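Data block below; observations after.
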Amino acid sequence: MSNINIVKAGEQGVVVDFGDVIDPGVNARVHRLAQQISGKMPDEILELVPTYRSLMVYFDPLRISREALTDKIRLFLDSDAESGEKVDTATVVSIPVCYGGEFGPDLEFVASHNKLSVEEVVEIHTSRAYQVYMLGFTPGFPYLGGMSDRIAAPRLAQPRVVIPAGSIGIAGSQTGIYPIQSPGGWQLIGRTPLQLFNPGSADPFLFAAGNYLRFTAINAGTFQEILCQVESGSYKPVTGTVKQGEDAACAL
Amino acid sequence: MCTVIKPGMLTTVQDRGRTGYRAFGMPVSGVMDRYAATMANILAGNEPGAAVLEMTMLGGTFRFPNETYLAVCGADMQGTLNGKKIQNWSAFYVPANSELSFGYAVNGCRSYIAFYGGIEVPKVMGSRSTYTRAGIGGFDGRALKADDVIEIGKAGEMPCAPRALSYHHLPKYGNEVRLRVIPGPQDGLFTAEGLQSLFSKSFTVSSRNDRMGVLLEGPTVEHASGADIISDALSAGAIQVPGDGHPIVMMADCQTTGGYAKIGFVIGPDLSRLAQAKAGDSVTFVECSDQEAVAALAAESAAYEKTAVGVSHGPLGGAPVKGAAASKEV
């Protein structure tokens, strides 16, 4: 556990950083620590936010000092015996995407940056299932692991002010979907007609961390058809199952 | 009950925000200036975290068919009650058939109206705060418009006597804002020159700023090797520095995670003053220790408690000033 850093994030934040990688094993340790702390959550802890490779612990500094909190976290880390890989079944959700054009204004940049055709970028992007490592940025935004480095692209130096809901983006070797209209710095390659966040619903989020999802290319006509079904509430997402940690390429 | 005659530039219902959902990517929202909003609630005889109206730059005009009691705190928007000037940072009785009207902020940027009894809009995910980007919370998930009718909660016998905040507790809104910063979590990703720029130079508030973040122009803050990190968690106060080197201070509606290196966090008590900064105002940063930040938090709490001592009557005005008391469910 010597590679774990505990660092400051303002007067009411502690970041437990497990390493600078996107890796299923590292992510599993983040979620394990979150479960340990939330299972015995002292009143002093306000909120936990697990990410790819770190756990943010928000605390009340008028009720516990950073030093005392850090000591408690170290105790959890020390007691975390290395357990074997646990294999569970995960849900795979199919995400229809219309790539390029007005829906994906950066698709051509991503292609030329990687010396590929746009068709090759779409083929690579749709060729595998992605694990939902965390939700963040905006309500229901899934951060996904496992994208091919062959279609990686840098973030925009200056973020866009407005990105439409449903936009699919690439940043570095990550890919994700913008659930609501927001600013953002990712390269946009397409858009889905699905709704990722619905606060009026009993189940407001389309995904949970631990799900997988798979992008499927559709044309503009199908996009409009599905959009109408989503708006009328008649669309049922296409789902399958997969064993966690396995290649989910054939799951749908 | 309150009818909106003119909504102002951006007027929303806010409380202390939607906590507990950051792990799902749900921003906290809530008041931008918690000091002014909390003082408004205390003066109005409410719990400190009750829902208030937050007005931005240009205030609105409101009509009250029934008598009410309210407090106005924050930016001075030249408020008038039935044409007569009101005192900012004070609470007062409003007779039936009154009109409360505001103009442009002559100092600061955001002004708060707390009604005795609080604002009765349904809670969404535990909060009455408006999060306009997702269209949820507050009044139909949006900023107020003309002809909207806002329900005010009932809270027993209404206070009548006017109250004003002690001058000891009045903040000063100038055109220069000094913010205390705790470095980290990624201050190691900046060059020594970059860190020195942050703490020695003066930045200018850009016109591109909103409830999500305040963009700063002027000097650039140099990264050691690129601005991108693997996205991790952040909250209001985080200073992200994108590739162009211009810092962005995250505010109430900020996202829960981000992918630009964070050089530090502005401490909570100082964010209230940044919330009152306008485009063109200057911002400087000074490094701060945990001890200093905790002392500032304690001083903020003490100011609330001292103010509450003078107004401890009515069903919402009593004990629950300490800590984050939630307002009552509808």
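Labels below follow one simple rule: chain letters A, B, ... track the order of the sequence lines, proteins then strands, and each chain is numbered from 1. All values reported here derive from a predicted model rather than from experimental measurement.
In this structure, the portions of A:Leu135 lying under 4.5 Å from any heavy atom of chain B include both its backbone and its side chain. Only the side chain of A:Arg66 comes within contact range of chain B, with heavy atoms under 4.5 Å apart. Looking at B:Met26, the atoms closer than 4.5 Å to chain A (heavy atoms on both sides) sit in the backbone and in the side chain alike. Looking at B:Tyr131, the atoms closer than 4.5 Å to chain A (heavy atoms on both sides) all sit in the side chain, from C-beta outward. If you measure heavy-atom distances from A:Val21 to chain B, the contacts under 4.5 Å come from the backbone alone. Residue contact with chain B, scored on non-hydrogen atoms closer than 4.5 Å, involves the side chain of A:Leu62 exclusively. Interface residue A:Gln181: only backbone heavy atoms are found under 4.5 Å from chain B. For chain B, the nearby part of A:Leu156 is the backbone; its heavy atoms alone come within less than 4.5 Å.
One finds the OH atom of B:Tyr21 at 8.5 Å from the CZ atom of A:Phe205 (value rounded to the nearest 0.5 Å). Of the inter-residue distances, the one linking B:Asp232 atom CG with A:Arg53 atom CZ reads 4.5 Å to the nearest 0.5 angstrom. For the atom pair A:Ser54 OG and B:Ile229 CD1, the distance stands at 8.0 Å (nearest 0.5 Å).
Residue A:Thr51 comes nearest to B:Ala233 through the heavy atom pair CG2-N, 3.5 Å, listed as atom of the first residue, atom of the second, then distance. Of all heavy-atom pairs between B:Arg208 and A:Pro159, the closest is NH2-O, 4.1 Å. Taking each heavy atom of A:Gly136 and B:Thr256 in turn, the nearest pair found is CA-OG1, 3.4 Å. Pairing each heavy atom of B:Gly20 with each of A:Glu47, the nearest pair is N-OE2, 2.8 Å.
Counting heavy-atom pairs closer than 4.5 Å to chain B, the top-ranked of the candidates A:Val49, A:Val161, A:Val7 is A:Val49. Of all the listed residues (B:Gly243, B:Ala293, B:Cys288, B:Pro185), the one sharing the greatest number of non-hydrogen pairs under 4.5 Å with chain A is B:Pro185. With chain A as the partner, the residue from B:Pro242, B:Ala134, B:Gly264 showing the most heavy-atom pairs under 4.5 Å is B:Ala134. For the options B:Val181, B:Ile136, B:Asp228, heavy-atom pairs under 4.5 Å to chain A are most numerous at B:Asp228. Of the residues considered (B:Val266, B:Asp187, B:Leu234), B:Leu234 shows the highest number of contacts with chain A, using heavy-atom pairs under 4.5 Å. Comparing A:Asp20, A:Asp17, A:Val15, A:Leu46 by heavy-atom pairs within less than 4.5 Å of chain B, the highest count is held by A:Asp20.
A donor-acceptor pair is defined here as one N or O able to donate and one able to accept, closer than 3.5 Å; such a pair exists between the side chain of A:Glu11 and the backbone of B:Gly268.
Looking at heavy atoms from C-beta onward, A:Gln12 lies out of side-chain contact with B:Phe265 at the 4.5 angstrom threshold. A:Phe141 places none of its side-chain heavy atoms less than 4.5 Å from the side chain of B:Gln255. A 4.5 Å side-chain heavy-atom check between A:Pro183 and B:Arg133 finds at least one atom pair inside the cut-off. Counting heavy atoms from C-beta outward, B:Ser235 and A:Tyr58 have side chains that approach closer than 4.5 Å. Side-chain contact between A:Lys8 and B:Asp290 is present, with heavy atoms from C-beta onward closer than 4.5 Å.
The environment of CZ in A:Phe103 is crowded: more than 12 heavy-atom neighbours from other residues, nucleotides or ligands sit within 6.0 Å. Taking a 6.0 Å sphere around CD of A:Glu108, one finds it holds 12 or fewer heavy atoms contributed by other residues, nucleotides or ligands.
Remark: the B:Thr257 side chain and the A:Tyr143 side chain contain an N/O donor-acceptor pair separated by less than 3.5 Å.
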| said: Show, in sequence, the C-alpha distance, side-chain angles and deciding distance for B:Ser231 and A:Met134, and conclude whether the side-chain contact (heavy atoms from CB on, under 4.5 Å) test is met. | reply: CA-CA 10 Å; B:Ser231 291; A:Met134 65 186 222; 4.0 Å; yes
